[in-house]
Amino acid sequence: DAKTTQPPSMDCAEGRAANLPCNHSTISGNEYVYWYRQIHSQGPQYIIHGLKNNETNEMASLIITEDRKSSTLILPHATLRDTAVYYCIVRINRDDKIIFGKGTRLHILP
Amino acid sequence: NAGVTQTPKFRVLKTGQSMTLLCAQDMNHEYMYWYRQDPGMGLRLIHYSVGEGTTAKGEVPDGYNVSRLKKQNFLLGLESAAPSQTSVYFCASSYRMGQGVTEAFFGQGTRLTVV
């Protein structure tokens, strides 16, 4: 079973920051948080991952709470092309499997 | 550099027919995965492989077989197709955990319809 809980859908106005929450209250100390997104019916695309420190790359920022029980993916300036399903995944460093949950469907409104 | 390539992209099968889906990656990845995605649903792991010659069951393995005879290829077989196997199939690959960058790269999918 997926170890994460995400809202099924969210709206965000174009140009605003999109903040997507993820709850992973049972996360253990050696599990990483990964984010992927799936645009329309394409294959999922990796966005970012982190262990306990906040991370930023050219696509997004990942904020992980100090207790690591939840995280937030931030798309700083959402565009219509960011409309997608966003998946939050926790994965232990030695775990071979990648298990997806249901994700959050993000709608960017013009 | 093609990444992950799936063949075919579309296929219609009759109930009871067999077929093989091919996944090829050119990134020298150790890990490869097969997922299925039904309409409006997330991805479910069918089988995966952590190296040449090894395979393991995922969340929904029944009705499928896999083989990893070469490191760059991962084959998914349906021996006797059923309408319940109508789905979009995605293949993915990644480096072994602990080898640095470990995100998975996905193919563009195979849309399979069983009638």
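A note on names: the letters A, B, ... follow the listed sequences, proteins ahead of strands, and every chain is numbered from 1.
- Taking hydrophobic clusters as Ile, Leu, Val, Met, Phe, Trp and Tyr residues chained together by side-chain heavy-atom distances below 4.5 Å, B:L13 shares a cluster with B:V66.
- Side-chain heavy atoms closer than 4.5 Å link hydrophobic residues (I, L, V, M, F, W, Y) into clusters, and following such links, possibly through other members, connects A:L75 to A:L80.
- For a residue to count as touching a neighbouring chain, one of its non-hydrogen atoms must lie under 4.5 Å from one of that chain's; by this rule B:L43 touches chain A with backbone and side chain alike.
- In this structure, B:E79 places its CD atom where only 12 or fewer heavy-atom neighbours from other residues, nucleotides or ligands lie under 6.0 Å away.
- B:Y64 and B:Y31 fall into different hydrophobic clusters, where Ile, Leu, Val, Met, Phe, Trp and Tyr residues are linked whenever their side-chain heavy atoms come under 4.5 Å apart, directly or through other members.
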Using atom types as modelled, flag every donor-acceptor pair under 3.5 Å from a side chain in residues 57-66 of chain A to any protein atom, sequence neighbours excluded.
unit_1	atom_1	unit_2	atom_2	d
A:N57	OD1	A:M59	N	2.9
A:N57	OD1	A:A60	N	2.9
A:N57	ND2	A:I47	O	2.7
A:S61	OG	A:T56	OG1	3.0
A:T65	OG1	A:D67	OD1	2.8
A:T65	OG1	A:R68	N	3.4
A:T65	OG1	A:K69	N	3.4
A:T65	OG1	A:S70	N	3.4
A:T65	OG1	A:S70	O	3.1

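- B:I46 and B:V50 are members of different hydrophobic clusters when ILVMFWY side chains are connected at heavy-atom separations under 4.5 Å.
- At a threshold of 4.5 Å between non-hydrogen side-chain atoms, the residues A:I48 and B:E103 do not count as touching.
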Decide side-chain contact (heavy atoms from CB on, under 4.5 Å) for A:Y36 and B:F106; before the verdict, give the C-alpha distance in whole Å, the side-chain angles of both, and the deciding distance to 0.1 Å. CA-CA 11 Å; A:Y36 287 81; B:F106 284 79; 4.1 Å; yes
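- For the set B:R44, B:M41, B:Q37, the entry with the most heavy-atom pairs within less than 4.5 Å of chain A is B:Q37.
- Ring centers of B:Y35 and A:F100: under 6.0 Å apart, within the cut-off.
- B:F90 contributes atom CZ, which lies 8.5 Å from atom CD of A:Q42 (distance to the nearest 0.5 angstrom).
- Every side chain to side chain donor-acceptor pair (under 3.5 Å) that B:N28 has, sequence neighbours left out, goes to B:K71.
- By the 4.5 Å heavy-atom criterion applied to side chains, B:Y48 and A:I98 are not counted as neighbours.
- Looking only at heavy-atom pairs under 4.5 Å with chain B, the residue among A:P44, A:G103, A:G43 that has the most is A:P44.
- With contacts defined as side-chain heavy-atom distances shorter than 4.5 Å, the pair B:V88/A:S41 does not qualify.
- Taking every heavy atom of both residues into account, A:K97 and B:Y33 meet most closely at CA-CE2, 4.3 Å.
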